[in-house]
Number of protein chains: 2
Amino acid sequence: MSTSSEDLRAIALGEFATAGYSATSLHRIADIAGLSKSSVLYHFSSKEALLEAAVAPAIDRMEQILEGLESNSLAAEGRAAFLVEFVDFILQYRREVHIFINQGPSLVAVPVIDRANDLVRRLAAFFAANTASLEEKMRFGIALGGAAYMLCTEDSLALQSAPLDETRAALVAILTGLLSPVEAPQKTED
Amino acid sequence: MSTSSEDLRAIALGEFATAGYSATSLHRIADIAGLSKSSVLYHFSSKEALLEAAVAPAIDRMEQILEGLESNSLAAEGRAAFLVEFVDFILQYRREVHIFINQGPSLVAVPVIDRANDLVRRLAAFFAANTASLEEKMRFGIALGGAAYMLCTEDSLALQSAPLDETRAALVAILTGLLSPVEAPQKTED
DNA sequence: AACCTATCTGACCGATCGGTCAGGCACTGT
DNA sequence: ACAGTGCCTGACCGATCGGTCAGATAGGTT
């Protein structure tokens with residue numbers, strides 16, 4: 001409820017995403033917030049709890065999207081709707097997604113990250129089940145990891161300060177091209 | 001020259017890529033190698049030196065590719081040749097590239113990583129100079145980050161144990177689709 | 001024999017890590 | 001005035017970090 005907790009959550013989220021979880025000390029988070037390390041541990045009982053608070057909303061939303069995806073049919077329009085939903089998700093929670101994608105494998109044994117890893121695996125399994133092709137699986141991995149990377153590396157690349165709706169439209173177009181079932185593939189042999 | 005040095009380099013490369021540089025202790029590297037921490041520091045004067053030894057070959061190769069790209073013209077066939085060259089590079093040095101891409105921003109102040117970050121920026125600037133479109137820049141970022149992610153997360157995704165040449169062909173096809181200049185863009189207003 | 005070098009090791013160091021604890025301070029209700 | 005509560009703090013703890021150092025061992029050279 002207090003502003004400090006929310007401030008700390010936001011600061012931690014940014015630092016965990018940019019510098020990495022294990023490379024970010026509680027002391028550093030406290031300094032940025034203008035508090036002492038003890039105060040951070042007053043609001044969050046441990047560093048793990050702070051990570052959990054930072055990424056939990058994104059995981060909940062992700063789980064919600066995935067359940068809807070798995071329960072519904074996979075008609076072409078359903079797939080397109082999912083894609084827009086997923087783009088909005090990744091835009092809203094870009095830092096959280098960046099944490100899952102880049103630090104998920106290294107943060108096993110952290111329960112909240114294990115949940116995220118399971119979700120990624122479920123999503124991958126879903127796509128793999130519908131496409132046995134190696135290239136399609138690779139397209140999925142590139143779309144997922146690439147979007148997470150690109151949206152959190154705007155500065156280092158040349159694409160800072162673009163209007164959100166333009167970014168959104170472009171991302172939908174790119175991911176559609178990457179993930180849509182290839183109806184007219186480059187190899188039309190038969 | 002001794003096998004220990006090369007073993008340590010390989011172990012460190014794997015651990016730095018999967019667990020992260022700051023999350024990997026010298027003790028852990030020594031344990032995997034069956035040596036003591038002191039022995040690791042005998043072969044490499046510091047943890048940073050070990051990181052540098054692990055990724056330097058990839059950086060050298062990357063720099064070589066980039067110089068060739070910047071000096072040559074950018075005709076369509078030149079671009080296609082670069083893409084194949086780049087795919088082979090990223091396949092050979094996938095773990096090193098994964099380190100650059102995912103831990104580059106957090107490992108500033110490490111000279112060898114700064115070199116890598118500069119190379120990524122130069123590559124991004126090169127693509128940005130030839131394409132002012134936001135979507136093209138995003139495509140570049142997704143291709144770069146996505147390939148690095150996908151090639152190092154084969155296990156978590158569903159695409160383990162594919163023949164290398166199949167992976168190579170698919171990656172060339174995907175990146176070609178992502179990076180080839182859109183000759184018939186959706187916005188043809190003028 | 002003596003010597004040198006390469007490789008490896010345990011003991012040790014200061015710094016920093018995440019986390020605990022007792023208490024200070026301001027405010028509120030009684 | 002008093003007690004309770006929310007927020008914050010410095011002092012402190014054990015563990016682990018990267019790194020140093022003085023040797024131990026082995027093999028090769030003379």
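In what follows, chains are A, B, ... by sequence order, proteins preceding strands, each numbered from 1.
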Provide, to the nearest angstrom, the distance between the NZ atom belonging to A/K37 and the P atom belonging to C/dC21. 14 Å
Using OP1 and OP2 only, check whether a side-chain N or O of A/S38 sits under 4.0 Å from D/dG10. no
Calculate the interatomic distance between B/E48 atom CD and D/dG18 atom P; express it in whole Å. 12 Å
Side-chain N or O of A/H43 closer than 4.0 Å to phosphate OP1/OP2 of D/dC8: yes
Is the phosphate of D/dC7, meaning OP1 or OP2, less than 4.0 Å from a side-chain N or O of A/S39? no
Just the rounded figure in Å: distance from P of C/dC13 to CG of B/L41. 18 Å
Could you tell me the separation between the CG atom of A/D7 and the P atom of D/dC8, rounded to a whole number of Å? 10 Å
OG (B/S133) and CE (B/M138) are apart, to the nearest 0.5 Å, by 9.5 Å
For atom CZ of A/F44 and atom C1' of D/dC7, their distance in whole Å: 14 Å
Candidates C/dC8, D/dC17, D/dC8 - which lies nearest the side chain of B/H27: D/dC17
Between B/E52 and B/V110, is there a donor-acceptor pair closer than 3.5 Å when you use the side chain of the first and the backbone of the second? no
Atom pair distance, as rounded to whole Å: CG in A/L50 and P in C/dG19: 10 Å
Calculate the interatomic distance between A/L26 atom CG and D/dC8 atom P; express it in whole Å. 15 Å
Tell me the interatomic distance from B/L35, atom CG, to C/dC8, atom P, rounded to whole angstroms. 5 Å
Sugar-phosphate only, base, or nothing, as touched by B/S22 at under 4.0 Å among non-hydrogen atoms: nothing
Salt bridge or not between A/D165 and A/R168? Use side-chain N to carboxylate O under 4.0 Å. no
Take B/I32 and B/D7, measure what side-chain contact (heavy atoms from CB on, under 4.5 Å) needs, and give me the verdict at the end. CA-CA 10 Å; B/I32 297 177; B/D7 285 353; over 6 Å; no
Ignoring hydrogens and geometry beyond distance, is the side chain of B/K47 in donor-acceptor contact with the base of D/dG19 at under 3.5 Å? no
Residue closer to the 5' end of DNA chain D, A/Y42 versus A/S36 (nearest nucleotide): A/Y42
Under 4.0 Å: is that the gap between some side-chain N or O of B/S4 and OP1 or OP2 of C/dC8? yes
Exactly one of B/D88, B/I90, B/L83 should register a side-chain contact (heavy atoms from CB on, under 4.5 Å) with B/L171. Which one does? B/I90
